[in-house]
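Notes for the one structure printed next.
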Amino acid sequence: MGALLAALLLWSLWVNNLVPHKRILLELVTPSDWWGIDPPRAALTASAVYDSVFATLVLYYFARVGNWKEVGRRYVTDRTQPSRAVRAAVLGALVAWLVVWHGLLPYYRLAVSLTPSDWFVVPEDPVATVKRLRNLKIVLTLLVLWPFAVVGDWMGLLRGLRRARTVADSHEAAPPATGTDWPDLHAYGQHAVAERLTAEARTGRMNDVDCARIRRAWNSVAADPSRLDAFASAVLRDGARACLHPSGQRDLPARTANHDLLTSQVRIGRYVDAERTPPAHRAAGAAVDPGTLGTSLLVVGPSGSGKTARLVRPIVESLALQALAGQAAVVAVSAAGTPLGEDQGYDVVIKPGDRTSEYDLDLYGGVDDPDEAAALLADALAGDWAEVELRRAVTVLVQLLGPFRVVHGRFPQVSELRELLDGEPSALDRLKTMLDPQKHSLHRGLDARVRQAGIQGDIGIALADRLGCLDRPAFAGFFDTSSRTRPFTLRALDHPLRVRIDLPERAHPEAAQLLARLVLAQFTASMATRADRSLFACLVLDDATHAITSGSVRALRRLREGHAGVVLTLRALADVPEHLRQPLIAAVGCHAAFSGITTWEGTLFAQAWGTEWVETTEVAKHTVFADQPLTRLIHAVRKLGTGKPVTTEAVTVRQVERERWSASELAHGVPAGHAVVSLTSVRGEHAPPLLVDLRG
């Protein structure tokens, strides 16, 4: 601003003839008879050229002094469209009005002087002369606006608007679902089937879920041609309703996010247009799909930061839509009342502790092997204990579950198992009496349990205390192991199911924590052993507080082999045992750090994301002391315009290694509604941690 005011002051002095001997150079190079009372046209032209040269020099000098190029870059060229174009247009209009129409600078007078007079002067018609002069001003205005159009990228904005209009028109004219004519079906000779599907799409009877579902069914036909007749007859008979999901639903009751089912992606936000963001990602949409969720996702952020509403719910919604398309299975575990969609949007809704719940949860994960059941249950009951105590807990449970299953043909219910763990003599004696004497190994294990029961340090007592949170009247009828009910087991995820488990976190927090650990352990175990891995299976644990154990961290690394993944959210990494924090961050491939995390939590993420090489520029300034009077005058004028002494700069450019995101930046530099997201795919592709606006 100081340089601009100094330039205006100097030009005002020049225009008002307050600069002494201002025409001495002009008079030296022109004939002396030009400067009489009635100067010729050539003198006026020379004067206009002289003033224009001086104005150009003044503008150039003070533009360098005031660093106007950097000002234009910061306030115009670095802005996103349409703000960039609007700012350039306003600035160009102001300059055109001052220079061409107001005559602040002599360039209009120069253009008139250099233009032959017979081009616009009509002696017998003054009105025509005025019109031609106005046309000349319009031409000069366009010439002045041209550099501002380049700086504001007006053509790029127009191309973007034209492209958006074309896309909108194509969406209106194209079928609502995909706009495809099913070339794969035509290539296979199924012209009638392709025409039926095309007609369904053009008439609006096919949505994106129908298209994705039928496309998956066709892929199965391509893999097994014996299914062709059944597929063709179903499509010709039912059209877009062919190959329906077992629930009969073709969409969710409500959607809150933008989905692309053809690529199985859901948009979670927009990458921020900032210096740290690579140019290719700036203002681009951020999305996740099974390819990234297959490496698992860890989300950390305090309460109220938007983890559930802005990230978890869109992911659950996307997986539920993919389940309707026969592509995925999802289990959403959250506290009762968490807004993860209506009950009608799920196939199975389990509400432990709620009498209205239609489904129950299998306490033993649907396994028949006592050793496997004991390992799963021990991880839920004692997963936060030391490794030695955890192995002892598994041993104690095996000693009881094996004999009980042989005797009763089932595993014990909660009250029965608690009674045995407490070391109740009558229960142990009754079980020992009913056990076949030929089962020597089971007798040895049961005898060992009888000897250890009740002694100091008996781990069975601690297990019974942990199990006691499920042996309450609120859970009566749940976790039934008799043949009267068929509890839901996570081994059923070979089918495209949508499951939601509402944990009683408010009424029974200890039971909710135990069930969260149990579900996580059962999910990881079932994914490792399932035979059909064509469906992507995902467990979304909305609050993984106290659910992370050593066994679950080890199991997370094997999930991608089973075409499965988990989404874990934490209010803070302090909810995870200290020795598991770094292994947990390393076990998952995707991370999301929300605004509000602490500095020490940011340190763990910064270590996991590593460093990068960046180019830094160091500028050292040294004051210049002039010896010549003219140089001192120039320096004085420059100091008057900038307010700073004249300096020289020594620039050093070098490559340095720095953290992608420092702990301080993660703790204090992430705005509300934003998160730093790092994504990795199952194929090994990874994106650097970038700031994402989850509201965009």
Side-chain angles (χ1 to χ4, degrees), residues 268-279 281-282 286 288 292 295-312 541-548 550 552-553 556-557 566-618 654-680 685-696:
I268 59 175
R270 180 185 295 275
Y271 289 110
V272 175
D273 187 1
E275 181 181 358
R276 187 185 294 270
T277 306
H281 291 79
R282 293 179 183 176
V288 295
T292 53
T295 62
S296 298
L297 170 63
L298 175 65
V299 183
V300 181
S303 299
S305 58
K307 302 187 302 297
T308 301
R310 296 192 173 114
L311 187 58
V312 173
L541 196 54
D542 183 53
D543 185 4
T545 303
H546 307 297
I548 307 300
S550 300
S552 61
V553 171
L556 288 178
R557 301 179 182 273
V566 298
V567 177
L568 304 173
T569 68
L570 295 170
R571 297 186 184 94
L573 286 175
D575 296 333
V576 180
E578 184 175 359
H579 68 283
L580 294 179
R581 292 168 188 169
Q582 289 184 341
L584 173 62
I585 294 178
V588 300
C590 303
H591 310 88
F594 276 67
S595 60
I597 66 173
T598 61
T599 306
W600 70 266
E601 290 174 321
T603 302
L604 296 177
F605 282 112
Q607 293 175 354
W609 290 334
T611 59
E612 62 180 349
W613 288 98
V614 296
E615 185 179 276
T616 62
T617 302
E618 297 180 357
R654 61 178 180 175
Q655 295 283 338
V656 298
E657 191 176 10
R658 74 172 185 185
E659 293 178 327
R660 298 181 184 273
W661 282 85
S662 67
S664 179
E665 289 173 332
L666 288 172
H668 307 292
V670 180
H674 293 65
V676 179
V677 180
S678 171
L679 300 178
T680 303
E685 303 168 346
H686 60 88
L690 301 175
L691 185 63
V692 177
D693 185 359
L694 300 173
R695 303 166 301 181

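Remember, it's a predicted structure, so these values are computed and weren't measured experimentally.
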Got a second to check how far T611's OG1 is from E659's CD, nearest 0.5 Å?
-> 8.0 Å

What is the distance from atom CG of L311 to atom CZ of F594, rounded to the nearest 0.5 Å?
-> 5.0 Å

Side chains of E665 and S662: do they bring a donor and an acceptor to under 3.5 Å?
-> yes

Smallest heavy-atom separation, T599 atom then A667 atom, equals OG1-CB, 3.7 Å

Which atom pair, heavy atoms only, marks the closest approach of P689 to R660?
-> CD-CD, 3.7 Å

Measuring from L580:CG to D575:CG, what's the distance to the nearest 0.5 Å?
-> 12.5 Å

Polar side-chain atom of H674 near backbone of L691 as donor-acceptor pair, under 3.5 Å = no

Would you check if V300 and L666 make a side-chain contact, meaning some heavy-atom pair closer than 4.5 Å?
-> no

Over all heavy atoms of both residues, which pair between T292 and C590 is shortest? Give the atoms and the distance, please.
-> O-SG, 3.3 Å

Do E615 and R654 have side chains that get closer than 4.5 Å, going by heavy atoms?
-> no

Roughly how far apart are H546 NE2 and L570 CG, rounded to 0.5 Å?
-> 10.0 Å

Evaluate whether atom CD of E657 has more than 12 neighbouring non-hydrogen atoms of other residues, nucleotides or ligands under 6.0 angstrom away.
-> yes

Report the residues that fulfil side-chain hydrogen bond (donor to acceptor under 3.5 Å, both in side chains) with T598, sequence neighbours left out, ordered by chain and then residue number.
-> W600, E601

Heavy-atom closest pair (G589 atom, T680 atom, distance to 0.1 Å) is O-OG1, 2.8 Å

Supply the atom-to-atom distance I268 CD1 to D693 CG, rounded to the nearest 0.5 angstrom.
-> 11.0 Å

Result of checking V588, L568, V567 against S296 for side chain to side chain contact (heavy atoms under 4.5 Å, CB included) | V588

Write down the atom of A672, the atom of S595, and the distance for their closest heavy-atom approach.
-> CA-OG, 3.7 Å

Report the C-alpha distance between L690 and V677 in whole Å, list the side-chain angles of each, state the deciding distance to 0.1 Å, and finish with yes or no for side-chain contact (heavy atoms from CB on, under 4.5 Å).
-> CA-CA 6 Å; L690 301 175; V677 180; over 6 Å; no

Kindly indicate, with the supporting measurements, whether the criterion side-chain contact (heavy atoms from CB on, under 4.5 Å) is fulfilled by V553 and V576.
-> CA-CA 11 Å; V553 171; V576 180; over 6 Å; no

Can you check whether L297 reaches V288 side chain to side chain, under 4.5 Å on heavy atoms?
-> no

Walk me through it: do I585 and L298 pass the test side-chain contact (heavy atoms from CB on, under 4.5 Å)?
-> CA-CA 7 Å; I585 294 178; L298 175 65; 4.0 Å; yes

Are there more than 12 heavy atoms of other residues, nucleotides or ligands under 6.0 Å from atom CD of Q655?
-> yes

Does a donor on one side chain sit under 3.5 Å from an acceptor on the other, for R571 and S303?
-> yes

Any donor-acceptor N/O pair, R310 side chain to R695 backbone, under 3.5 Å | no

Residues, nucleotides or ligands: over 12 heavy atoms within 6.0 Å of Q582 CD | no

To the nearest 0.5 Å, how far apart are CG in L679 and NE2 in H591?
-> 10.5 Å

Minimum heavy-atom separation for P671 to G669, with atom names?
-> CD-O, 3.5 Å

Contact check, side chains of V299 and V312, non-hydrogen atoms, under 4.5 Å = no

Quick one: are V670 and V676 in side-chain contact, heavy atoms under 4.5 Å?
-> yes

